[in-house]
Amino acid sequence: MADNAKVIRELYEALDRHDGETMAKLYDPDGRFHDPAFGELTGAEAGDMWRMLTGRSEDLKVELAEHEADGDVGTAHWIATYTFRGGRHVVNDIHARFRFRDGKIAEHDDSFSFWRWARQALGPAGLILGLPPMNLLVRRKARDDLAAFRDQD
């Protein structure tokens, strides 16, 4: 049986190293990812999202505060610290839930306060853009960025 706690550790160690390629390899080819910024990503989209984010973030630091796995499910609490576009300092406190299949991540759900993230990342505009339905504009921008990144290949 796979050591799924090790998979979680490897994911966040790779993120801290800005190694999106290693992160992508940890996902099942039919895997699913969801978070408040990107919404639902399936298949190769999740790996491409990590490649994009790790490729453009110069000062990203990741702390895996705690994690555990039991059978085919797991959880993690992680904190990402980085500079967002425009020089805004962000500390994002994230809780993740996982489901594993054959030693790979089949489902990954990240949850965090989108409003708190938007306030840090977007400044005063984030006070409004972090609230529904305006947060959908931020998600659209994140998805457009991912589509442009995927079109480069």
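When reading the values below, keep in mind they use all heavy atoms of this one structure, side chains included, and skip hydrogens, waters and symmetry mates. Counting begins at 1 with the first residue of the sequence.
More than 12 heavy atoms of other residues, nucleotides or ligands sit less than 6.0 Å from atom CZ of R17. Counted within 6.0 Å of CZ on R97, heavy atoms from surrounding residues, nucleotides or ligands total 12 or fewer; the atom is thus considered open.
In the hydrophobic clustering of this structure, F84 groups with L137; members are Ile, Leu, Val, Met, Phe, Trp, Tyr whose side-chain heavy atoms approach within less than 4.5 Å, directly or through other members. Hydrophobic clustering (side-chain heavy atoms under 4.5 Å, transitive across Ile, Leu, Val, Met, Phe, Trp, Tyr) groups L11 together with M52. Linking Ile, Leu, Val, Met, Phe, Trp and Tyr residues whenever their side-chain heavy atoms come within less than 4.5 Å leaves I79 and L64 in two separate clusters. In the hydrophobic clustering of ILVMFWY residues, with side-chain heavy atoms under 4.5 Å counting as a link, V91 and L15 come out apart. A chain of hydrophobic side-chain contacts below 4.5 Å, direct or via other Ile, Leu, Val, Met, Phe, Trp or Tyr residues, connects F149 to L60.
Counting heavy atoms from C-beta outward, T75 and F98 have side chains that stay 4.5 Å or more apart. Within the 4.5 Å cutoff, side-chain heavy atoms of K61 are placed close to those of D16. Put simply, the side chain of V138 reaches to within 4.5 Å of the side chain of W117, judged on heavy atoms.
Separating the CD1 atom in I8 from the CD atom in E66 is a distance of 11.0 Å, to the nearest 0.5 Å. Note that CZ of F33 is 12.5 Å distant from CD of E107, once rounded to the nearest 0.5 Å. Note that CZ of R9 and CG of D3 are 6.0 Å apart. Values are rounded to the nearest 0.5 Å. Atom CD of residue Q120 and atom CZ of residue R88 lie 11.0 Å apart, to the nearest 0.5 angstrom. In this structure, L41 CG and M49 CE are separated by 6.0 Å, a value rounded to the nearest 0.5 Å. Between D48 atom CG and M23 atom CE the span is 12.5 Å, to the nearest 0.5 Å.
With hydrogens and angles disregarded, no donor-acceptor distance shorter than 3.5 Å links the side chain of D28 to the backbone of K104. No donor-acceptor pair under 3.5 Å is formed between the side chain of D110 and the backbone N or O of P36. The backbone N or O of A65 lies less than 3.5 Å from no partner atom in the side chain of W78, so there is not a single donor-acceptor pair. Looking at S57, its side chain never comes within 3.5 Å of a backbone N or O of L53 through a donor-acceptor pair.
Ring geometry, Y12 versus H108: the interplanar angle exceeds 60°, so the pair is classed perpendicular (tilted spans 30 to 60°).
Between A118 and G130 the shortest heavy-atom distance is CB-CA, 3.6 Å. Residues L26 and E10 approach most closely at CD2-OE1, 3.5 Å, considering heavy atoms. Taking all atoms of both residues into account, the shortest heavy-atom contact from A37 to F112 is N-CZ, 4.2 Å. Closest non-hydrogen pair, A44 versus R150, comes out as CB-NH2, 3.7 Å. The heavy-atom pair separating D59 from H18 by the smallest distance is N-CE1, 4.2 Å.
Ion pairing of R56 with D145 is present here, as a side-chain N (NZ or NE/NH1/NH2) and a carboxylate O approach within less than 4.0 Å. Contact check on D144 versus K141 returns no salt bridge, with no Lys/Arg side-chain nitrogen under 4.0 Å from an Asp/Glu carboxylate oxygen. Taking 4.0 Å as the cut-off between side-chain N and carboxylate O, E45 and R143 count as a salt-bridged pair.
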- Query: How far apart are the C-alpha atoms of F100 and I105, what are their side-chain angles, what is the distance that settles it, and do they pass the side chain to side chain contact (heavy atoms under 4.5 Å, CB included) test?
  - Reply: CA-CA 5 Å; F100 301 94; I105 300 167; 3.9 Å; yes
- Task: Apply the test salt bridge (charged side-chain N to carboxylate O under 4.0 Å, His left out) to residues R116 and D93: give CA-CA distance (whole Å), side-chain angles for both, the deciding distance (0.1 Å), then the verdict.
- Result: CA-CA 10 Å; R116 186 176 301 124; D93 191 324; over 6 Å; no
